[in-house]
Amino acid sequence: MKNVVVVGSTNVDKVLNVEKYALPGETLAINSYQQSHGGGKGANQAIAAARSGAQTTFITKLGNDEDGKQMLTGFQNDHINIDHLVTTDQAQTGKAYITVDKSGQNSIYVYGGANMELTASDVEAHQEVIAQADRVIAQLEIPLEAIIAAFKIAKAHGVQTILNPAPAKELPEELLRLTDVITPNETEAQTLTGIEVADEVSMLDNAMVFFSKGISMVIITVGSKGAFYATPQAHGFIPAFKVKAVDTTAAGDTFIGALASQLEMDNSNIEDAMLYANRASSLTVQVAGAQNSIPTRKQVEAANQKTDHTHEQIEREKEQAAQYVAARIPNHIVLGLGSGTTAAYFVKAIHDRIEKEHLDIECVATSVGTQQLAEKLGMRMLDVNTIDAVELTVDGADIVDDHLDGIKGGGAALLFEKLVANMSKRNVWIVDPRKPRHTLEGQMLPVEVVPFGGMGVFRYLRDHGYQPAFRFQENGDILATDSGNYLIDITIPKDADLQALSENLKKQTGVVEHGLFLNICDEMVVGGDQVKVVKREDLKQD
Ligand SMILES: Nc1ncnc2c1ncn2[C@@H]1O[C@H](COP(=O)(O)OP(=O)(O)OP(=O)(O)O)[C@@H](O)[C@H]1O
Ligand SMILES: [K+]
């Protein structure tokens, strides 16, 4: 268990939920007013660390008032060591006035109060507890002199120092020199380095600036995208969990406290610790408020388990769809084998049947991956160039709409899949229940482009509002398809005419193919304990 000392602010949050933000001079009615909640970056981070199991001490200054008493009780309930907490008659406990809009975005005004009275000598009076810690964390809602005093004590005793440079402001070199780990969000990073955080390359550029100031680890959180880490030896990006955010207040604080509770002192488990922190803060954003939304270790673990469970269930549903279709394949045909994880279940299922029933079925693969799998199983494979037609092709799909039109290519095999689909007399798609949607609008659509001249297509797509992005591999290299082309992912606009979009994309020089499969799927089979079948001929009758 990590021993963490947090030196920082305590605020009482007064939260307003608003439809939209009032402009200067404008008055807007609101329909809900939340009562006071505990908040303040220091308090939030201490609570996040404590709830995740760290032995946590909080050095903060409170006013001698009701808000202060309420906060103190809260800290005790979270088993935070408050022996080193300081009170003052000179100012009130800090307060934050927070507005949260419908999208979960927040805007905050802070009255520092007692927080701004925390002095270097207050901190020095408690140096023993800092000296005994594994790490000390500070943020910028207290005077810099108090942070510097804490970090000096830490450095003198080999204690790791973590600076969360929030709210954003420029910092003295002295403080940066005393900092081991810095944890800005994207705007805070830019304030300190002058380099905009746009992608992983620019995050690394940001990290380089911090390294040059003597900081040995940089963690940049980028909201719903996730978080980046870099040391001079290694770096990586850990994507956030996809959740419905209702209020991001305390997301960053949860991340930092959770990370501080998990991260080994030699950083050996950095990716696991960041994954844990991402999970913890993904829970925080799903609940309104600050401290009440910070999860415990148990809740984080339960959420992880639930995901594992969901993952298992999706795999089961894919397999159910695959087995349903495999059981109904006629004998003596040429069969197209799709690509991707769902299609792989089908390949295995039909292989089993061919073996058991000695079926006379020859197959055509739609990707190098499927070809390899089928060959490994010893199936009879044909070269697509030696045949005129395929009787039936069974493939997966990324998304399918109400008209059985769909998107494929998430797994980067769209060109061969479309070639074989077009040769097939009948196409059956097997999917799990998350794939069918009413519409393809707003969905990601892959466009396969030749590497030479791909930038020209990219510019065209960007200038026409398709929000293009090249597809990269996890190691940061650009992804090449089976035919050595690149993929550009675009977003299908609202109210798009899919047929026109399809034709228009094909017309662009440099575009090889795209992932819109219109009028191709004859039958969709959705896995589940009750398999559901949707046929194109039935749609036409409606
Ligand atoms: N919408 C979201 N969905 C899922 N995870 C999120 C979302 N927003 C934030 N997170 C998680 O919280 C972490 C921190 O978020 P963010 O980068 O917004 O911090 P911050 O700007 O300091 O937040 P705040 O000031 O609101 O506390 C992210 O790295 C991510 O793991
Ligand atoms: K929240």
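The first residue in the sequence is number 1, and the count goes up from there.
- In this structure, Ala48 and Thr254 approach most closely via the heavy-atom pair CB-CA, 3.7 Å.
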Next on the checklist: Under the criterion side-chain contact (heavy atoms from CB on, under 4.5 Å), I'd like the reasoning laid out for Phe228 against His235: C-alpha separation, chi angles, the key distance, then a yes or no.
Outcome noted: CA-CA 7 Å; Phe228 169 86; His235 65 93; 4.0 Å; yes

Item to check | Steps toward side chain to side chain donor-acceptor pair (under 3.5 Å) verdict (Tyr21, Glu26) | outcome: CA-CA 9 Å; Tyr21 294 113; Glu26 188 182 19; over 6 Å; no

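- Within the model, atoms CG of Asn278 and CD1 of Ile238 stand 7.0 Å from one another, a figure rounded to the nearest 0.5 Å.
- With 3.5 Å as the limit, one finds no donor-acceptor pair spanning the side chains of Tyr345 and Gln320.
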Item to check | Stepwise side chain to side chain donor-acceptor pair (under 3.5 Å) test for Ser261 and Arg297 | outcome: CA-CA 10 Å; Ser261 74; Arg297 192 184 166 86; 5.7 Å; no

Checklist entry - Are Glu19 and Lys102 close enough, and set up right, to give a side-chain contact (heavy atoms from CB on, under 4.5 Å), and what steps lead you there? => result CA-CA 6 Å; Glu19 282 283 307; Lys102 278 200 301 197; 3.4 Å; yes

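- A cation-pi arrangement, defined by a distance under 6.0 Å to the six-membered ring centre and an angle within 45 degrees of its axis, is absent between Arg462 and Phe458.
- Taking a 6.0 Å sphere around CD of Gln305, one finds it holds 12 or fewer heavy atoms contributed by other residues, nucleotides or ligands.
- No donor-acceptor pair under 3.5 Å is formed between the side chain of Arg353 and the backbone N or O of Ala349.
- Atom CG of residue Asn185 and atom OG1 of residue Thr248 lie 10.0 Å apart, to the nearest 0.5 angstrom.
- Rounding to the nearest 0.5 angstrom, the gap separating the OG1 atom in Thr284 from the CD1 atom in Ile294 is 6.0 Å.
- Note on Lys507 versus Glu503: no salt bridge recorded, every NZ/NE/NH1/NH2 to OD/OE distance being 4.0 Å or above.
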Checklist entry - Where do Asp199 and Ser202 land on the side chain to side chain donor-acceptor pair (under 3.5 Å) test, with the steps shown first? => result CA-CA 5 Å; Asp199 50 23; Ser202 57; 3.0 Å; yes

Checklist entry - What's the verdict on side chain to side chain donor-acceptor pair (under 3.5 Å) for Asn206 and Thr193, showing C-alpha distance, side-chain angles and the deciding distance? => result CA-CA 6 Å; Asn206 266 277; Thr193 64; 2.5 Å; yes

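- Residue Arg380 is tested with Glu375, Glu362, Glu355 for a salt bridge (charged side-chain N to carboxylate O under 4.0 Å, His left out); the sole match is Glu362.
- Side-chain atoms of Thr191 come within 3.5 Å of backbone N or O of Thr187 as a donor-acceptor pair.
- Taking every heavy atom of both residues into account, Leu337 and Met379 meet most closely at CD1-CE, 4.2 Å.
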Item to check | side-chain contact (heavy atoms from CB on, under 4.5 Å) between Asp405 and Leu516, worked out | outcome: CA-CA 8 Å; Asp405 290 332; Leu516 262 181; over 6 Å; no

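- Of the possible donor and acceptor atoms, none in the side chain of Asn269 sits under 3.5 Å from a partner among the backbone N and O of Asp272.
- Only one option out of Leu28, Thr99, Val100 pairs with Val18 in a side chain to side chain contact (heavy atoms under 4.5 Å, CB included); it is Thr99.
- Atom CE of residue Met274 and atom CD1 of residue Ile270 lie 5.5 Å apart, to the nearest 0.5 angstrom.
- Checked by atom type and distance alone, the side chain of Glu441 pairs as donor or acceptor with a backbone atom of Asp495 at under 3.5 Å.
- A search for side chain to side chain contact (heavy atoms under 4.5 Å, CB included) contacts involving Asp489 returns Met444, Pro446, Arg471, not counting sequence neighbours.
- Of all non-hydrogen atoms in Asn44 and Ala250, the two that sit nearest each other are ND2-CB, 3.9 Å.
- Remark: Asp360 CG is packed, more than 12 non-hydrogen atoms of other residues, nucleotides or ligands lying under 6.0 Å away.
- The backbone N or O of Gln233 sits less than 3.5 Å from a side-chain atom of Thr231, completing a donor-acceptor pair.
- Minimum heavy-atom separation, Pro165 to Glu188: O-CG, 3.4 Å.
- A donor-acceptor contact shorter than 3.5 Å links the side chain of Asp522 to the backbone of Asn427.
- Gln443 contributes atom CD, which lies 5.0 Å from atom CZ of Arg437 (distance to the nearest 0.5 angstrom).
- Looking at Lys348 and Glu319, no side-chain N of the basic residue comes within less than 4.0 Å of a carboxylate O on the acidic one, giving no salt bridge.
- Minimum interatomic distance between Asp401 and Thr439 (heavy atoms only, all atoms of both residues): CB-CA, 4.0 Å.
- Looking at every heavy atom in both residues, Val457 comes nearest to Thr509 through CG2-O, 3.4 Å.
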Next on the checklist: Please evaluate residues Phe517 and Asp395 with respect to the criterion side-chain contact (heavy atoms from CB on, under 4.5 Å), reporting the C-alpha separation (whole Å), side-chain torsions for both, the decisive distance (0.1 Å), and the verdict.
Outcome noted: CA-CA 12 Å; Phe517 281 56; Asp395 203 348; 5.7 Å; no

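- Ile520 contributes atom CD1, which lies 9.0 Å from atom CZ of Arg536 (distance to the nearest 0.5 angstrom).
- Residue Glu170 places its CD atom among 12 or fewer non-hydrogen atoms of other residues, nucleotides or ligands, all under 6.0 Å distant.
- A salt bridge between Glu448 and Lys418 is absent, with no side-chain N of the basic residue lying under 4.0 Å from a carboxylate O of the acidic one.
- Under a 4.0 Å N-O distance rule, the pair Glu513/Lys506 qualifies as a salt bridge.
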